[in-house]
2 protein chains.
Amino acid sequence: MPHRTPHPPSTEDCSIQRTLDVIGDRWTLLILRDVFRGVRRFSQIQHDLGIAKNLLTDRLGSLVEAGVVERVPYQERPVRHEYRLTEKGRALSPALLALMRWGDAWCSDDGAPTELVHDECGTRLELQPWCTSCNHAVAPTQISSRPGPGRHHPEVSADAAS
Amino acid sequence: MPHRTPHPPSTEDCSIQRTLDVIGDRWTLLILRDVFRGVRRFSQIQHDLGIAKNLLTDRLGSLVEAGVVERVPYQERPVRHEYRLTEKGRALSPALLALMRWGDAWCSDDGAPTELVHDECGTRLELQPWCTSCNHAVAPTQISSRPGPGRHHPEVSADAAS
DNA sequence: CGAGTCGGTTGCGATTCGCAACCAACCCCC
DNA sequence: GGGGGTTGGTTGCGAATCGCAACCGACTCG
């Protein structure tokens with residue numbers, strides 16, 4: 001259980017903060033990437049990532065506790081478990097894709113960035129927020145949040161970086 | 001300069017890995033969130049986040065070195081600098097939004113998840129990968145990557161978690 | 001019985017973090 | 001021209017975390 005500072009001193013806790021409290025660890029997103037890919041068993045993940053076993057135990061425990069993955073038996077005699085994504089965990093897919101896309105586009109060793117494409121039609125996917133009724137990409141400045149009951153988070157605007 | 005293990009033992013470095021090498025730190029994404037919001041000066045960020053100054057110095061240095069932000073003077077006499085997003089940094093916007101969205105939807109303290117909406121028309125934004133030619137959301141299984149020259153990354157599929 | 005696998009737990013040295021103190025450059029003000 | 005304030009750091013040090021290796025219990029197979 002990697003505890004953060006009990007109260008991040010001045011910033012009110014925003015969505016990013018809460019998200020990072022769950023997955024903002026050096027290993028956690030890599031573990032989740034493996035689980036997304038179908039690498040679900042302790043030893044598989046451990047071998048694939050090269051993570052220390054005690055850390056993997058710890059991170060998987062946190063993820064289970066957070067409800068991102070669940071520990072289900074995949075065989076009896078001997079009973080063995082695997083870790084599966086919950087609904088909450090599957091909901092991370094867009095974020096993981098966006099991070100992957102960014103790494104491809106901006107951190108590739110060879111110069112050429114790769115693209116994500118839609119298998120069926122070969123269209124390049126941008127992963128921009130896309131408005132289904134206006135049918136075009138939505139700039140970060142045109143996005144706001146609609147809180148359930150009176151809460152809002154700080155605006156994140158790329159154009160504020162002018 | 002927070003060094004990772006020199007060679008992440010068995011996993012070949014994938015896009016997620018490379019991305020996390022740049023922003024996979026407990027503080028870095030929070031720093032970037034601030035910069036996106038327009039909080040660009042050292043002392044502002046430091047105060048807003050409550051991060052230790054030596055760590056902030058270190059993280060900002062890494063981000064500058066990675067080309068995610070740049071350090072530009074915003075006044076002479078005395079010369080003072082601020083940190084601005086580069087093109088590369090602005091490209092993180094979809095990822096940041098996706099993470100924020102997830103935190104809103106799944107980690108809110110009060111029960112009701114907030115939604116992202118398009119200002120102009122009020123449409124709820126899902127941040128799913130959206131195919132502009134098919135005009136519908138693209139499931140993770142239908143996404144593949146088109147590498148520039150011979151490289152590919154592992155498929156990330158939410159449905160593999162069946 | 002002995003060896004092997006899976007999924008951990010325990011101990012310990014090395015790294016990193018968080019905090020507080022200090023500092024250099026520059027400003028303003030008297 | 002000395003005192004005080006702000007900005008953007010640097011340095012030192014104790015505490016928490018990490019990474020590695022060793023060990024372990026349950027179980028299976030030969």
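All values below were derived from every heavy atom in this structure, side-chain atoms included, with hydrogens, water molecules and symmetry-related copies excluded. Protein chains get the first letters and strands the later ones, always in sequence-line order, with residue 1 at the start of each.
Judged by distance alone, the side chain of A:Gln75 and the main-chain N or O of A:Pro78 form a donor-acceptor pair under 3.5 Å.
For B:Arg80, there are no side chain to side chain donor-acceptor pair (under 3.5 Å) partners at least two apart in sequence or on another chain. For A:Thr86, the side-chain contact (heavy atoms from CB on, under 4.5 Å) partners two or more places apart in sequence, or in a different chain, are A:Glu70, A:Lys88. By the side chain to side chain donor-acceptor pair (under 3.5 Å) test, B:Glu120 is found to be paired with A:Gln142, residues two or more places apart in sequence or in another chain being considered.
Across the protein-nucleic acid pair, B:Gln46 atom CD and D:dT6 atom C1' stand 13 Å apart, rounded to whole Å. Rounded to a whole Å, the CG atom of A:Leu56 is 13 Å from the P atom of D:dC20. Going from atom CZ of B:Arg26 over to atom P of C:dT16 covers 13 Å, rounded to whole Å. As a whole-Å value, the separation of B:Gln75 CD from C:dA25 P is 17 Å. Here D:dC20 presents its C1' atom at 16 Å from CG of A:Leu49, a figure rounded to the nearest Å.
Hydrophobic clustering, with ILVMFWY side chains joined whenever heavy atoms are under 4.5 angstrom apart, groups B:Leu32 together with B:Val64.
Taking 4.0 angstrom as the limit, B:Arg59 places a side-chain polar atom (N or O) nearer than this to OP1 or OP2 of C:dC17. For B:Trp27 and C:dC17, the shortest distance from a side-chain N or O to OP1 or OP2 is not below 4.0 Å.
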remark   = With B for base contact, S for sugar-phosphate-only contact and - for none (protein heavy atoms under 4.0 Å), nucleotides 5-14 of chain C reads BSBBBBB---

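Closest approach to the B:Leu55 side chain among D:dG19, D:dT28, C:dC17 is made by C:dC17 (side chain taken as heavy atoms from C-beta onward).
Contact between A:Arg37 and A:Asp48 at its shortest, heavy atoms only, is NH1-OD2, 3.6 Å.
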